[in-house]
K.L.:
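Quick one: the structure is below, and I'll ask about it shortly.
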Amino acid sequence: MKIVARLPLFAALLGLLMLPMAGIGVRLGWWNFGFGFQMLEWGAWTGLIAAACGAIAFAIPRVREDFGARLMLAIMVGVMTGGIPWQQKQQAKALPKIHDISTDLSNPPPFVKILPLRASAPNPATYGGALIAAAQMTAYPDIQPRELALPPTTAFVNALAAAVGMGWEIVATDPEQGIIEATATTFWFGFKDDVVIRITPTLTGSRVDMRSVSRVGKSDVGANAARIRQYFSKMQAK
């Protein structure tokens with residue numbers, strides 16, 4: 001009877017461990033991101049199977065009496081383990097398969113100094129055009145440029161300080177042109193996403209545009225739009 005109670009919990013914990021390991025392995029170069037995503041799926045299924053087995057064992061009165069708490073833990077851990085990747089998958093399905101987000105859809109800020117770093121990236125640095133713009137406007141209508149009542153020189157200093165505060169690797173700065181290029185590394189899988197910020201003068205101060213582009217993946221699952229929102233929030237605080 002002990003093994004009937006122990007196996008579901010062991011499997012649930014194994015599935016849970018596979019979730020962080022999927023990303024850690026990619027960051028450390030142990031496997032590619034495709035295998036990492038596959039590991040997420042394996043972890044989810046392991047957790048769900050563990051939860052199902054725990055529920056079946058819990059339905060046996062004798063086992064429930066002796067190991068009820070352990071089985072309940074297995075069920076909860078298993079459901080949580082399966083739920084995290086499932087939620088991410090549903091979010092990916094609900095969002096367009098785009099990975100290039102810009103506040104200026106007619107004239108997106110171009111990459112210059114970062115281009116050599118993207119030479120081997122599957123995703124190009126050139127903007128995808130009207131189809132990408134239309135998909136972005138539908139999914140992220142709030143992604144807009146920021147108008148500041150500040151001269152461009154002051155806006156540039158604030159923009160650079162905010163970029164540094166985001167923890168990005170600053171690749172290049174051009175105060176005269178108002179350009180900042182940087183690379184952001186995602187927390188879990190360590191994906192490299194590139195950012196370009198452009199400050200231009202206006203009649204009342206400055207306009208700040210930003211573009212964030214993933215190097216890999218057809219869909220960014222909203223990561224680039226979220227990065228732009230977070231950056232503008234930090235810059236506003238500056």
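As the structure is a computational prediction, the values presented were derived from the model and not from experiment. Sequential numbering from 1 along the given sequence is applied to the chain's residues. All heavy atoms count here, side chains included; hydrogens, waters and symmetry mates do not.
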K.L.:
Between Ser214 and Asp220, does the side-chain hydrogen bond (donor to acceptor under 3.5 Å, both in side chains) criterion hold? Intermediate values first, please.
P.N.:
CA-CA 7 Å; Ser214 302; Asp220 64 7; 4.7 Å; no
K.L.:
How far apart are the closest heavy atoms of Phe189 and Ala22, and which atoms are they?
P.N.:
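Nearest pair, atom of Phe189 first, then Ala22: CE2-O, 3.7 Å.
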K.L.:
Around atom CH2 of Trp188, are there more than 12 heavy atoms of other residues, nucleotides or ligands at under 6.0 Å?
P.N.:
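It does: Trp188 CH2 has more than 12 such atoms within range.
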K.L.:
Given side-chain hydrogen bond (donor to acceptor under 3.5 Å, both in side chains), test Lys192 with Thr185 step by step and report yes or no.
P.N.:
CA-CA 5 Å; Lys192 300 291 185 180; Thr185 303; 2.9 Å; yes
K.L.:
Any Lys/Arg nitrogen of Asp104 or Arg207 sitting under 4.0 Å from an Asp/Glu carboxylate oxygen of the other?
P.N.:
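A salt bridge links Asp104 with Arg207.
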K.L.:
Quick check: are there more than 12 heavy atoms from other residues, nucleotides or ligands sitting under 6.0 Å from CG of Leu28?
P.N.:
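Yes - once you tally the heavy atoms of other residues, nucleotides and ligands closer than 6.0 Å, there are more than 12.
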K.L.:
Do the two ring centres, one from Trp42 and one from Phe35, sit under 6.0 Å apart?
P.N.:
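Yes; Phe35 has its ring centre under 6.0 Å from that of Trp42.
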K.L.:
Going through the checks in order, is the side-chain hydrogen bond (donor to acceptor under 3.5 Å, both in side chains) test met by Ser102 and Asp100?
P.N.:
CA-CA 7 Å; Ser102 174; Asp100 189 341; over 6 Å; no
K.L.:
Can you see which heavy atom on Gly128 is nearest to which on Ile132, and at what distance?
P.N.:
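Shortest heavy-atom contact: CA-CG1, 3.7 Å.
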K.L.:
So which heavy atom on Pro8 is nearest to which on Ala74, and how close?
P.N.:
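Result for this residue pair: C-CB, 3.7 Å.
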K.L.:
From Asp209 CG over to Ile143 CD1, what is the distance, rounded to the nearest 0.5 angstrom?
P.N.:
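That separation rounds to 12.0 Å.
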K.L.:
Answer with yes or no whether the side chains of Asp193 and Thr186 bring together a donor and an acceptor at under 3.5 Å.
P.N.:
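Distance-only check fails for Thr186 and Asp193.
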K.L.:
Treating Ile, Leu, Val, Met, Phe, Trp and Tyr as nodes and any side-chain heavy-atom pair under 4.5 angstrom as an edge, say whether Leu117 and Phe191 lie in one connected cluster.
P.N.:
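No: no chain of side-chain contacts under 4.5 Å links Leu117 to Phe191.
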K.L.:
Any chance CD of Gln177 has more than 12 other-residue heavy atoms, nucleotides or ligands included, within less than 6.0 Å?
P.N.:
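12 or below, so no.
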K.L.:
For the pair Thr81 (side chain) and Val77 (backbone), establish whether a donor and an acceptor sit closer than 3.5 Å, ignoring hydrogens and angles.
P.N.:
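Side chain of Thr81 to backbone of Val77, a donor-acceptor pair under 3.5 Å: yes, one is there.
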K.L.:
Where do Ile199 and Ala155 come nearest, in terms of heavy atoms and distance?
P.N.:
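Closest approach of Ile199 to Ala155: CG2-CB, 4.0 Å.
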K.L.:
For atom CH2 of Trp45, is the number of surrounding heavy atoms from other residues, nucleotides or ligands below 6.0 Å larger than 12?
P.N.:
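Atom CH2 in Trp45 is not packed in, count stays at 12 or less.
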K.L.:
Quick one: OG1 on Thr173 to CD1 on Ile180, what's the gap to the nearest 0.5 Å?
P.N.:
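With rounding to 0.5 Å, OG1 (Thr173) is 7.0 Å from CD1 (Ile180).
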K.L.:
Which value, rounded to the nearest 0.5 Å, describes the distance between Asn158 atom CG and Lys234 atom NZ?
P.N.:
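One gets 13.0 Å once the value is rounded to the nearest 0.5 Å.
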K.L.:
Which distance, rounded to the nearest 0.5 Å, do you find between the CZ of Arg198 and the CD of Glu181?
P.N.:
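Going from CZ on Arg198 over to CD on Glu181, the span is 12.0 Å.
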K.L.:
To check you understand the geometry: which heavy-atom pair defines the closest contact between Val26 and Phe33, and what is its length?
P.N.:
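Smallest heavy-atom distance, with atoms named: CG2-CA, 3.7 Å.
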K.L.:
Of all the heavy-atom pairs spanning Ile98 and Ile101, show the shortest one and how long it is.
P.N.:
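The answer is CD1-CD1, 3.7 Å.
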K.L.:
A side-chain contact here means heavy atoms from C-beta on lying under 4.5 Å apart; do Val208 and Ile197 qualify?
P.N.:
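In contact.
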